[in-house]
A.B. asks: 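Have a look at this one.
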Amino acid sequence: MLGEFLRQQDIAGGVLLVADADGEHLVAAGISNRESRREVSRDTRFYIASAGKMVVATAVLAYVEDGAIGLDAPVWPYIKSIKGIERLKNADLVTLRQLLNHTSGLAEYLDDKFVDATASFPSRQFSVADALSYAFDYPAQAAPGAEFEYTNTNYVLLGHILAVLGGSLTEALESKVFAPAGMNETTVGSPGGKVDLAHGYVDGEDVSAQGWASTLGDGPLVTTVGDMEKFAFALFRDGKLIGAAMLDQMLVGSALDRSYGLGMGIDGDVFGGWYGHAGSYDGFESDLRYYPKTQTLFVALLNGNVLDEDAVLLDRAAAWYFTR
């Protein structure tokens, strides 16, 4: 299944994991590096783009549980030190919950100008202030709490808030997620030259540097399929990261969009309801789904981008698993 999908979508390599109470099924196919011809394996580390928002949100909610910050409190006291932040319209009005569930109405920083800037300097690690400057002075998309609009600006701010609470984004994620879940192969960003890194490709060109340099809260992680398995079961099944009451809040959509909770997608298919998040950036795609009724997890990590947006690997994987 995976090899055929990679060939159809012209993707260099990938890994697919299905795990349940009886164990796991894992298949890796293709190559992680076209130059060295290194094959993808369970240990290959991929940039996962926006799928990392689940991890960032979980860490934030762990700090909420600790009483360090209020879920419905304005975030201005935690972000006002960002250089130029007063030029981000309505930043002084939004709450933590609105950032988490994308109802803040803030302008999007990740626009064509930002994409062009990263293409010109693909290894540059943007600071929070430098990234957000691409949203400065633009009108807000909506008043806070008025509309749902998936906006990466929200999670850049959440990454900054975690740094304020935990000393740095890395330290906060290590304390609240990586260590308790046992995620020993996950990092915020990653340097090039590591043999275990999957290189990302677009039209045959190696565009890995942009993903590896991403250290902002909207997509900061490089990880393995095994670590994503540890994260999912620690969060959804084992209660190692946040308590049941907080998890319940995470898994409920807002009145403005029932399909997105606090950093978590909420959806379903003929096999049942599921929670998860996908991620996509030049050269990399990731997807995670957890079906709570059967406690079944699906994770896919790819070092390329699909040609057909309707071709969803986890749809095929779920159909295979549930109709065996």
Side-chain angles (χ1 to χ4, degrees), residues 50 52-111 126-173 175-177 215-220 241-243 245-258 260-264:
S50 285
K53 287 183 171 70
M54 292 183 294
V55 179
V56 168
T58 300
V60 170
L61 294 175
Y63 278 106
V64 173
E65 276 194 325
D66 289 346
I69 187 171
L71 191 52
D72 293 301
V75 298
W76 182 250
Y78 303 90
I79 66 173
K80 64 182 181 180
S81 63
I82 300 171
K83 183 179 179 180
I85 192 65
E86 67 278 357
R87 295 168 58 191
L88 182 61
K89 304 296 185 182
N90 290 347
D92 58 334
L93 303 176
V94 301
T95 68
L96 190 68
R97 187 188 299 272
Q98 290 165 350
L99 295 180
L100 285 162
N101 66 15
H102 294 292
T103 61
S104 71
L106 296 176
E108 174 65 271
Y109 89 92
L110 211 169
D111 60 7
F126 282 78
S127 69
V128 170
D130 287 344
L132 292 179
S133 69
Y134 288 85
F136 288 170
D137 301 324
Y138 283 91
Q141 298 181 87
E147 295 180 10
F148 172 89
E149 188 68 39
Y150 185 96
T151 307
N152 290 281
T153 299
N154 296 321
Y155 277 74
V156 173
L157 289 172
L158 288 169
H160 176 79
I161 291 168
L162 284 177
V164 171
L165 295 172
S168 70
L169 178 56
T170 294
E171 289 175 297
L173 293 177
S175 171
K176 297 301 185 183
V177 181
T215 56
L216 300 171
D218 59 329
L241 305 181
I242 55 177
M246 188 60 70
L247 180 61
D248 286 345
Q249 291 203 61
M250 187 182 202
L251 303 181
V252 175
S254 71
L256 298 168
D257 193 307
R258 298 297 185 186
Y260 200 93
L262 304 179
M264 187 66 63

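Just so we're clear, the structure is a prediction, and the values are computed from it rather than from any experiment. The first residue of the sequence shown is numbered 1, and numbering continues consecutively from there.
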A.B. asks: Kindly give the heavy-atom pair with the smallest separation between Val56 and Leu173, and that separation in Å.
C.D. replies: CA-CD2, 4.1 Å
A.B. asks: Hey, is the main chain of Glu149 close enough, under 3.5 Å, to the side chain of Thr151 for a donor-acceptor pair?
C.D. replies: yes
A.B. asks: Can you see which heavy atom on Thr103 is nearest to which on Phe148, and at what distance?
C.D. replies: CG2-CA, 4.3 Å
A.B. asks: Checking the side chain of Glu171 only, and the main-chain atoms of Ser168 only, is there a donor and an acceptor separated by less than 3.5 Å?
C.D. replies: yes
A.B. asks: Any chance you could measure Leu241, atom CG, to Met250, atom CE, to the nearest 0.5 Å?
C.D. replies: 9.0 Å
A.B. asks: Tabulate below the donor-acceptor pairs under 3.5 Å that side-chain atoms of residues 61-81 make, not counting sequence neighbours, or state none.
C.D. replies:
residue, atom, partner, partner atom, Å
Glu65, OE1, Gly243, N, 3.3
Glu65, OE2, Gly243, N, 2.7
Asp66, OD2, Lys176, NZ, 2.3
Asp72, OD1, Arg97, NE, 2.6
Asp72, OD2, Arg97, NH2, 3.0
Tyr78, OH, Ala68, O, 3.4

A.B. asks: At their closest point, which heavy atom of Gln141 faces which heavy atom of Leu106, and how far apart are they?
C.D. replies: NE2-O, 2.5 Å
A.B. asks: For Ala172 versus Leu162, what's the shortest heavy-atom pair and its separation?
C.D. replies: CB-O, 3.5 Å
A.B. asks: Using a 3.5 Å distance criterion without hydrogens, assess whether the side chain of Thr153 forms a donor-acceptor pair with backbone atoms of Tyr109.
C.D. replies: yes
A.B. asks: Is a donor from one side chain sitting under 3.5 angstrom from an acceptor on the other, for Tyr150 and Asp257?
C.D. replies: no
A.B. asks: Measure from the side-chain N and O atoms of Tyr155 to the backbone N and O of Leu100, and report whether any donor-acceptor pair falls under 3.5 Å.
C.D. replies: yes
A.B. asks: So how far is it from Leu216 CG to Leu169 CG, rounded to the nearest 0.5 Å?
C.D. replies: 8.5 Å
A.B. asks: Quick one: do Leu165 and Ile161 satisfy side-chain contact (heavy atoms from CB on, under 4.5 Å)? Show the steps, please.
C.D. replies: CA-CA 6 Å; Leu165 295 172; Ile161 291 168; 3.9 Å; yes
A.B. asks: Check the pair Val94, Leu99 against side-chain contact (heavy atoms from CB on, under 4.5 Å), reporting the backbone distance first and the verdict last.
C.D. replies: CA-CA 7 Å; Val94 301; Leu99 295 180; 4.1 Å; yes
A.B. asks: For Asp130, give me all partners under salt bridge (Lys or Arg N to Asp or Glu O under 4.0 Å), at least two apart in sequence or on another chain.
C.D. replies: Arg124
A.B. asks: Are the side chain of Thr58 and the backbone of Met54 linked by a donor-acceptor contact shorter than 3.5 Å?
C.D. replies: yes
A.B. asks: What distance do Leu132 atom CG and Lys83 atom NZ have between them, rounded to the nearest 0.5 Å?
C.D. replies: 13.5 Å
A.B. asks: Are Asn152 and Lys53 close enough, and set up right, to give a side-chain hydrogen bond (donor to acceptor under 3.5 Å, both in side chains), and what steps lead you there?
C.D. replies: CA-CA 9 Å; Asn152 290 281; Lys53 287 183 171 70; 2.8 Å; yes
A.B. asks: Out of curiosity, Arg87 CZ to Ile82 CD1, how far, rounded to the nearest 0.5 Å?
C.D. replies: 13.5 Å
A.B. asks: Looking at residues at least two apart in the chain, or sitting in another chain, which of them share a side-chain contact (heavy atoms from CB on, under 4.5 Å) with Ala107?
C.D. replies: Ala135, Tyr138
A.B. asks: Looking at every heavy atom in both Gly145 and Leu256, which two are closest together, and how far apart are they?
C.D. replies: O-CD1, 3.4 Å
A.B. asks: Roughly how far apart are Ser254 OG and His102 NE2, rounded to 0.5 Å?
C.D. replies: 10.5 Å
A.B. asks: So which atom in Ala57 and which in Gly263 form the shortest heavy-atom distance, rounded to 0.1 Å?
C.D. replies: CB-CA, 3.8 Å
A.B. asks: Would you check, one step at a time, whether the test side-chain contact (heavy atoms from CB on, under 4.5 Å) holds for Asp137 with Leu88?
C.D. replies: CA-CA 6 Å; Asp137 301 324; Leu88 182 61; over 6 Å; no
